> 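One structure coming up, written as structure tokens, with questions to follow.
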There are 2 protein chains.
Amino acid sequence: MSIDVGARLRSVRTTFGLSQRELARRAGVTNGLISLIEQNRVSPSISSLKKVLDGVPMPLAEFFTMDLSVAPQAFFGADELVELGNPEVSLRLVAAQRAGRQLTILHERYAAGAATGEEMLAHRGEEAGVVIRGRIELTVGGASRVLGPGEAYYFASQLPHRFRNVGREACEIISACTPATF
Amino acid sequence: MSIDVGARLRSVRTTFGLSQRELARRAGVTNGLISLIEQNRVSPSISSLKKVLDGVPMPLAEFFTMDLSVAPQAFFGADELVELGNPEVSLRLVAAQRAGRQLTILHERYAAGAATGEEMLAHRGEEAGVVIRGRIELTVGGASRVLGPGEAYYFASQLPHRFRNVGREACEIISACTPATF
DNA sequence: TCATGGTGTTTAATATCCTAGACAATCAGG
DNA sequence: CCTGATTGTCTAGGATATTAAACACCATGA
């Protein structure tokens, strides 16, 4: 097997922040099978692999097509932004190397302690933004991180996500979404 | 299984002109397995499906990606050519709707009884052409057809193919290939 | 008419996948 | 130090994929 099915499955599962048991429950298989597949101890049948991917969900074609080497970078440090402009007009791009972006800019403001709600959001499109002032906790899939001024984010909105202002002052973000959901 | 693995496999096998036994021999599996898979009597494991596709050869990603509805049209009737030009300059395109073409035009001439050889040709690139005079027998994969003046062909050169002049007069073809193999 | 060689299909036995359940390790409170 | 709830891993047994071999069918020719 030149193609590493186990690594691919583990990659999609962790990207979506699911445990083996949670994915197994959604897919209607056992957690043991997920474990065995991810360790390449078995070579799953097409039907069972399809059942597993239906729990994400992800089509079979995308599973084999997806590029494992380009990990979907969701967080960017202040120095990871691409500086495009000149000293007068400074353009700092987030995820500039990512192809197929179609974003619209927003200006958000979170009061101290505010959040997008208890439930995780998940919808079509993409989201990106830069924190201007204050601190905000962002959860994307299984990962979570507190972002401060100058730091940024970029992720696919279908990944479950949530914003929460964990600081004492208001937080401002220059954000963007696609398509024009707001 | 919403995805019809059996139909996909049968499609690629017949497209390449292989019998179940011949494909099984190349893949290192049994002909019975090919039969069962094509009838959807079993759902093959990833490893065995990969072995089968290695016999073609075709990568797993392409197997699941390929569009089953758009059968690779290899033959075009005289009225299936796309007329582009005006009454003064007439451009009749072969496979005009196919994307990613990169062809170079040739003018071939086959004497009566001549052929490209006993062995089937198979190489990278694409081939296309229009018969101007005479009649020529063209075999592509498992299919074979005699083309006369005004008829045309278009196929991927990796499919085994052969030209043979089955008529009594010379045959002329306006053909093309890519990349510049000749 | 009887071979011979090709095709795809079917069947009993074997190899492999898959499940159910138990196991150990980790973490969070009480 | 517990208890309870996570996590991923492992194992025995039932379910399923896969093999090897036979079967039936259709050609082409002697």
Side-chain angles (χ1 to χ4, degrees), chain A residues 1-56 60 63-64 118 120 137 139-145 160 166, chain B residues 1-56 60 63-64 118 120 137 139 141-144 160 162:
Chain A
M1 291 291 297
S2 63
I3 182 172
D4 192 342
V5 172
R8 290 182 111 79
L9 179 57
R10 178 155 295 185
S11 173
V12 316
R13 178 176 65 81
T14 55
T15 297
F16 280 81
L18 300 176
S19 68
Q20 291 181 345
R21 279 182 168 79
E22 174 59 19
L23 175 56
R25 188 191 62 76
R26 299 191 187 188
V29 299
T30 59
N31 60 309
L33 176 59
I34 307 280
S35 176
L36 293 174
I37 293 175
E38 290 187 351
Q39 299 171 83
N40 286 320
R41 299 264 300 272
V42 299
S43 179
S45 69
I46 300 291
S47 57
S48 60
L49 179 60
K50 176 152 198 322
K51 280 205 293 185
V52 170
L53 292 179
D54 282 346
V56 175
L60 273 171
F63 179 78
F64 289 105
E118 281 304 308
M120 302 285 278
E137 180 200 70
T139 304
V140 178
S144 193
R145 174 163 155 181
V166 293
Chain B
M1 291 289 297
S2 63
I3 182 171
D4 192 342
V5 173
R8 289 183 112 79
L9 179 57
R10 178 155 296 185
S11 173
V12 315
R13 180 176 64 81
T14 56
T15 297
F16 280 80
L18 300 176
S19 68
Q20 290 182 345
R21 280 182 168 79
E22 174 61 18
L23 175 56
R25 189 191 62 76
R26 299 191 187 188
V29 299
T30 60
N31 59 309
L33 177 59
I34 308 280
S35 176
L36 293 173
I37 294 175
E38 289 187 352
Q39 299 171 83
N40 286 320
R41 299 264 299 272
V42 299
S43 179
S45 70
I46 300 292
S47 58
S48 60
L49 179 59
K50 175 152 200 325
K51 280 206 294 184
V52 170
L53 291 179
D54 281 345
V56 174
L60 272 170
F63 179 78
F64 290 103
E118 282 304 308
M120 303 286 277
E137 180 200 71
T139 304
S144 194
R162 188 171 66 139

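Every value quoted in this text rests on a predicted model; they were computed, and no experiment measured them. Below, chains carry the letters A, B, ... as their sequence lines are ordered, and counting in each starts from 1.
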> Choosing from D/dC10, D/dT18, C/dG8, which nucleotide comes nearest the side chain of B/Leu36?
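Closest of the options to the side chain of B/Leu36: D/dT18.
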
> For A/Thr30, answer base if it contacts any base atom (sugar-phosphate contacts may also be present), sugar-phosphate if it contacts only those atoms, and nothing otherwise; contact means non-hydrogen atoms under 4.0 Å.
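Here A/Thr30 touches the bases of the nucleic acid.
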
> Just by modelled atom types, is the B/Thr139 backbone N or O under 3.5 Å from a matching donor or acceptor in the B/Arg162 side chain?
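A pair under 3.5 Å: no.
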
> Can you measure B/Lys50 atom NZ to C/dC17 atom C1' for me and round it to whole angstrom units?
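From B/Lys50 NZ to C/dC17 C1': 20 Å.
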
> Tell me which nucleotide among D/dA22, C/dT19, D/dT18 gets nearest to the side chain of B/Leu33.
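So the side chain of B/Leu33 is nearest to D/dT18.
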
> Of B/Ser19 and A/Gly32, whose closest DNA chain C nucleotide lies nearer the 5' terminus?
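Nearer the 5' end of the strand: B/Ser19.
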
> Which pair of non-hydrogen atoms, one from A/Val52 and one from A/Leu23, has the smallest distance, and what is that distance?
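Closest approach of A/Val52 to A/Leu23: O-CD1, 3.7 Å.
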
> For the side chain of A/Arg10, starting at C-beta, report the closest nucleotide among C/dT19, D/dT9, C/dG8.
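Within the option list, the nearest is D/dT9.
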
> Report which part of the nucleic acid A/Ser35 touches: base, sugar-phosphate, or nothing (heavy-atom distance under 4.0 Å, all strands).
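Since a base atom lies under 4.0 Å of A/Ser35, the category is base.
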
> Starting from P on D/dT18, measure out to NZ on B/Lys51 and report it in whole angstrom.
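Going from B/Lys51 (NZ) to D/dT18 (P), I get 9 Å.
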
> Could you tell me whether B/Asp4 and B/Arg8 make a salt bridge, using a distance below 4.0 angstrom between a side-chain N and a carboxylate O?
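Judged by the 4.0 Å cut-off on N to carboxylate O distance, B/Asp4 and B/Arg8 do not form a salt bridge.
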
> Check whether any side-chain heavy atom of B/Ile46 lies under 4.5 Å from a side-chain heavy atom of A/Phe64, and answer yes or no.
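SC-SC contact between B/Ile46 and A/Phe64 confirmed.
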
> Answer yes or no: is there a donor N or O on one side and an acceptor on the other, between the side chain of B/Asn31 and the main chain of B/Ala24, under 3.5 Å?
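No; zero donor-acceptor contacts below 3.5 Å.
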
> Please pick, from D/dA21, D/dT18, C/dT19, the nucleotide with the shortest atom-to-atom distance to any side-chain atom of B/Val42.
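The listed nucleotide nearest to B/Val42's side chain is D/dT18.
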
> Quick one: which of D/dA17, D/dG8, C/dC18 gets closest to the side chain of A/Arg13?
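Closest of the options to the side chain of A/Arg13: D/dG8.
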
> Compare the minimum distances between each of D/dG8, C/dT11, C/dC18 and the side chain of A/Gln20, then state the nucleotide with the smallest one.
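Output: D/dG8.
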
> Please report the distance, rounded to the nearest Å, between CD1 in B/Ile34 and P in C/dT9.
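Taking atom P of C/dT9 as the reference, CD1 of B/Ile34 is at 11 Å.
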
> Nearest whole angstrom, please: distance from the P of C/dT19 to the CZ of A/Arg25.
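After rounding, the reported distance stands at 16 Å.
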
> Rounded to whole Å, please give me the gap between CD in A/Glu38 and P in D/dC10.
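Rounded to the whole Å, the gap is 13 Å.
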
> At under 4.0 Å between heavy atoms, what does A/Gln39 touch on the DNA or RNA strands: base, sugar-phosphate, or nothing?
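Sugar-phosphate only.
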
> Whole angstrom is fine here: how far is it from CG in B/Leu49 over to P in C/dC17?
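From B/Leu49 CG to C/dC17 P: 14 Å.
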
> Find the distance B/Ile46:CD1 to C/dT16:C1' and express it as a whole number of Å.
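Roughly 14 Å, once rounded to whole Å.
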
> Please tell me if A/Ser45 has a side-chain N or O lying less than 4.0 Å from either OP1 or OP2 of D/dT16.
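Result: no.
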
> Taking atom P of C/dA20 as reference, at what distance in whole Å does atom CG of A/Asn31 sit?
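Atom CG in A/Asn31 sits about 10 Å away from atom P in C/dA20.
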
> Distance criterion of 3.5 Å, no angle test: do you see the side chain of B/Arg21 paired donor-to-acceptor with the base of C/dG8?
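Such a pair is found, so the answer is yes.
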
